[in-house]
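See structure below.
Naming: A, B, ... by sequence-line order, numbering from 1 per chain.
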Amino acid sequence: MPEGPSLILFTEDLQRFAGQKILEVSGNSKIDQQRLVGKKIKEIKTWGKHMLWRFDDFTVKIHFLMFGTYYINSSKDAKPRLYLRFQKDELNLYSTAIKILEEPLDEIYDWTADVLNPSWDAKAARKKLKAIPDAMVTDALLNQEIFSGVGNIIKNEILFRIKVHPESLVGALPPRKLTEMIKQASVYSYEFLAWKREYVLKKNWQVHTKKTCPRDGAKICKAHLGKTDRRTFWCEACQVKYE
DNA sequence: ATCATTGTTATAGC
DNA sequence: CGCTATAACAATGA
């Protein structure tokens, strides 16, 4: 399920629909469904956890939330949020948040924030972090304006990798640690993607859902931390708290 | 069987 | 008005 890397894989899988004309639409999504009928999807791309279907003069944004899924040429025992019939194939989307965007994408999306986009810019991220020195790193990493595509698992793994305690304050991180955190936000996300592609993601987790630290055998702590109040796993012995 | 969760958004509330 | 807390949504496996 979907953090940024999963969205990349979903999007690769759905590329067959790029260039295809939509013949029929239904489902319980509240968007103006008729607007899609007879239109061609020009391009399918992502921004972090958003999947974007670009049409001539609007874009359909699909967010998979926690449990979003899709079925191609099949369905499951539930009413789809959106059903699309193309010339050849059918697509069912479930448990997703769907919205129509009117603005040109370059106006509303900061591509430099997307850790899995070629436009990802570490310097831009650093500048944004400078503006929130009092934030905890556990929250900062989940901030989609800064690290678009980073989710809770990636957050936990990055902090373990760079040996930083999740409750550390952004402004208290030594410059080198800050650099490392920013760098790993992208680097780790690409590794996550590669592991996910090979179906070996879980066995590469070091700290997320783990009981003991692979470095020193210490007990892994688990709590809901930060303003985001998300499940956090860390090793009190090897992750330093900067505050 | 119940609970927790890879996430976000709308609304309520202060 | 602006920030924050809460609810809502949803599927699946432990």
Side-chain angles (χ1 to χ4, degrees), chain A residues 1-11 13 27-31 46-52 59-71 74-83 92-103 108-110 113-116 131-161 166 184-186 188-211 220-234:
Chain A
M1 302 190 188
E3 300 191 23
S6 302
L7 263 290
I8 298 278
L9 297 174
F10 289 177
T11 300
D13 197 23
N28 55 27
S29 168
K30 290 201 187 96
I31 61 164
T46 58
W47 179 81
K49 300 165 191 166
H50 299 197
M51 183 185 288
L52 303 166
T59 300
V60 173
K61 174 184 96 180
I62 300 153
H63 200 297
F64 286 77
L65 304 174
M66 290 256 216
F67 314 116
T69 51
Y70 63 85
Y71 283 64
S74 62
S75 59
K76 55 182 200 168
D77 192 18
K79 195 145 201 272
R81 174 65 28 107
L82 200 66
Y83 160 84
N92 283 296
L93 295 168
Y94 300 92
S95 313
T96 49
I98 303 174
K99 210 177 156 184
I100 291 182
L101 306 175
E102 309 292 348
E103 306 89 342
I108 47 181
Y109 286 109
D110 174 4
D114 184 348
V115 296
L116 291 167
I132 52 162
D134 299 333
M136 286 183 183
V137 294
T138 187
D139 291 327
L141 278 169
L142 290 172
N143 184 329
Q144 300 298 294
E145 299 296 322
I146 306 176
F147 299 110
S148 170
V150 170
N152 200 38
I153 298 173
I154 294 177
K155 172 204 81 177
N156 283 327
E157 292 294 324
I158 289 173
L159 291 173
F160 177 78
R161 179 176 275 192
Q184 287 300 326
S186 178
Y188 182 82
S189 293
Y190 278 107
E191 287 181 42
F192 185 109
L193 170 60
W195 289 327
K196 182 110 191 159
R197 211 188 276 287
E198 302 299 324
Y199 306 102
V200 294
L201 177 63
K202 277 192 189 180
K203 82 171 191 198
N204 281 287
W205 288 347
Q206 301 288 300
V207 69
H208 187 79
T209 70
K210 298 295 172 184
K211 293 274 188 278
I220 293 298
C221 303
K222 172 188 164 182
H224 285 74
L225 300 184
K227 284 190 177 161
T228 45
D229 200 33
R230 300 296 302 281
R231 197 163 64 134
T232 307
F233 296 85
W234 76 98

Value for CZ (Phe160(A)) from NZ (Lys210(A)), rounded to nearest 0.5 Å, stands at 10.5 Å
Testing dA10(C), dG7(B), dT12(C) for proximity to the side chain of Asn152(A), the answer is dG7(B)
Across all chains, not counting sequence neighbours, the salt bridge (Lys or Arg N to Asp or Glu O under 4.0 Å) partners of Glu191(A) are Arg161(A)
Separation of dG7(B) atom P from Tyr94(A) atom OH, nearest Å, is 23 Å
Atom NE2 of His63(A) and atom P of dG7(B) are separated, to the nearest Å, by 8 Å
Atom CG of Leu65(A) and atom P of dA11(C) are separated, to the nearest Å, by 11 Å
From CE of Met66(A) across to P of dT8(B) the rounded distance in Å is 9 Å
Per atom distances to the Arg230(A) side chain, the nearest of dT4(C), dC9(C), dG7(B) is dG7(B)
Inset, instruction - Please state whether the phosphate of dT12(C), meaning OP1 or OP2, lies under 4.0 angstrom from any side-chain nitrogen or oxygen of Lys76(A). - result: yes
The correct list of stems in which DNA chain C takes part (3 or more consecutive Watson-Crick or G-U pairs, distances under 3.5 Å) is B:2-5 with C:11-14, B:7-14 with C:2-9
**Message:** Taking 4.0 Å as the cut-off, does a side-chain nitrogen or oxygen of Lys49(A) come that near to OP1 or OP2 on dT8(B)?
**Reply:** yes
Rounded to whole Å, CE of Met51(A) lies from P of dT8(B) at a distance of 15 Å
Exercise. Using the P atom in both, what is the distance from dA7(C) to dC3(B), to the nearest Å?
Worked result: 16 Å
Treating Asn152(A) as the side-chain partner and Arg231(A) as the backbone partner, does any N or O pair qualify as donor plus acceptor under 3.5 Å?
yes
Whole-Å distance, Lys227(A) NZ to dG7(B) C1', equals 19 Å
Check: For Thr209(A) and Lys202(A), does a side-chain donor sit closer than 3.5 Å to a side-chain acceptor?
Finding: no
Using the P atom as the reference point in each nucleotide, state the distance between dT11(B) and dA10(C) in Å, no decimals. 16 Å
Closest to the side chain of Ala78(A), out of dT5(B), dG7(B), dA11(C), is dA11(C)
Worksheet item: Checking all strands, does Lys99(A) fall into the base, sugar-phosphate, or nothing category for heavy-atom contacts under 4.0 angstrom?
Response: nothing
Give the table of side-chain donor-acceptor pairs shorter than 3.5 Å for residues 59-66 of chain A, with sequence neighbours excluded, one pair per line with atom names and distance.
{"residue": "His63(A)", "atom": "ND1", "partner": "Leu65(A)", "partner atom": "N", "Å": "2.8"}

task: Give me the ring orientation class for Trp47(A) and Tyr109(A): parallel if the planes are under 30° apart, tilted from 30 to 60°, perpendicular past 60°.
output: tilted
| query | Does the side chain of Arg81(A) get closer than 4.0 angstrom to OP1 or OP2 of dA10(C) through an N or O atom? | reply | yes
Practice prompt. Test ring pair (Phe, Tyr, Trp, His ring centres under 6.0 Å) on Phe10(A) and Tyr70(A) and set out the steps.
Written response: CA-CA 9 Å; Phe10(A) 289 177; Tyr70(A) 63 85; 5.3 Å; yes
Judged by nearest nucleotide, the residue sitting upstream toward the 5' end of DNA chain C, Lys202(A) or Ser95(A), is Ser95(A)
The nucleotide from dT6(B), dT8(B), dT5(B) with an atom nearest the side chain of His224(A) is dT5(B)
Between CG of Asp77(A) and P of dT12(C) the distance, given in whole Å, is 11 Å
The nucleotide from dA10(C), dT8(B), dT6(B) with an atom nearest the side chain of Phe67(A) is dA10(C)
- Message: Would you say Ser148(A) and Lys49(A) are linked by a side-chain donor-acceptor pair, where the criterion is simply a distance under 3.5 Å?
- Response: no
From CG of Leu93(A) across to P of dC9(C) the rounded distance in Å is 20 Å
What's His50(A) touching, base or sugar-phosphate or nothing? Going by heavy atoms closer than 4.0 Å. nothing
Note to self: Need one value for Lys61(A): base, sugar-phosphate or nothing, where a base atom within 4.0 Å counts as base even if backbone is also close, heavy atoms only.
What the structure shows: sugar-phosphate
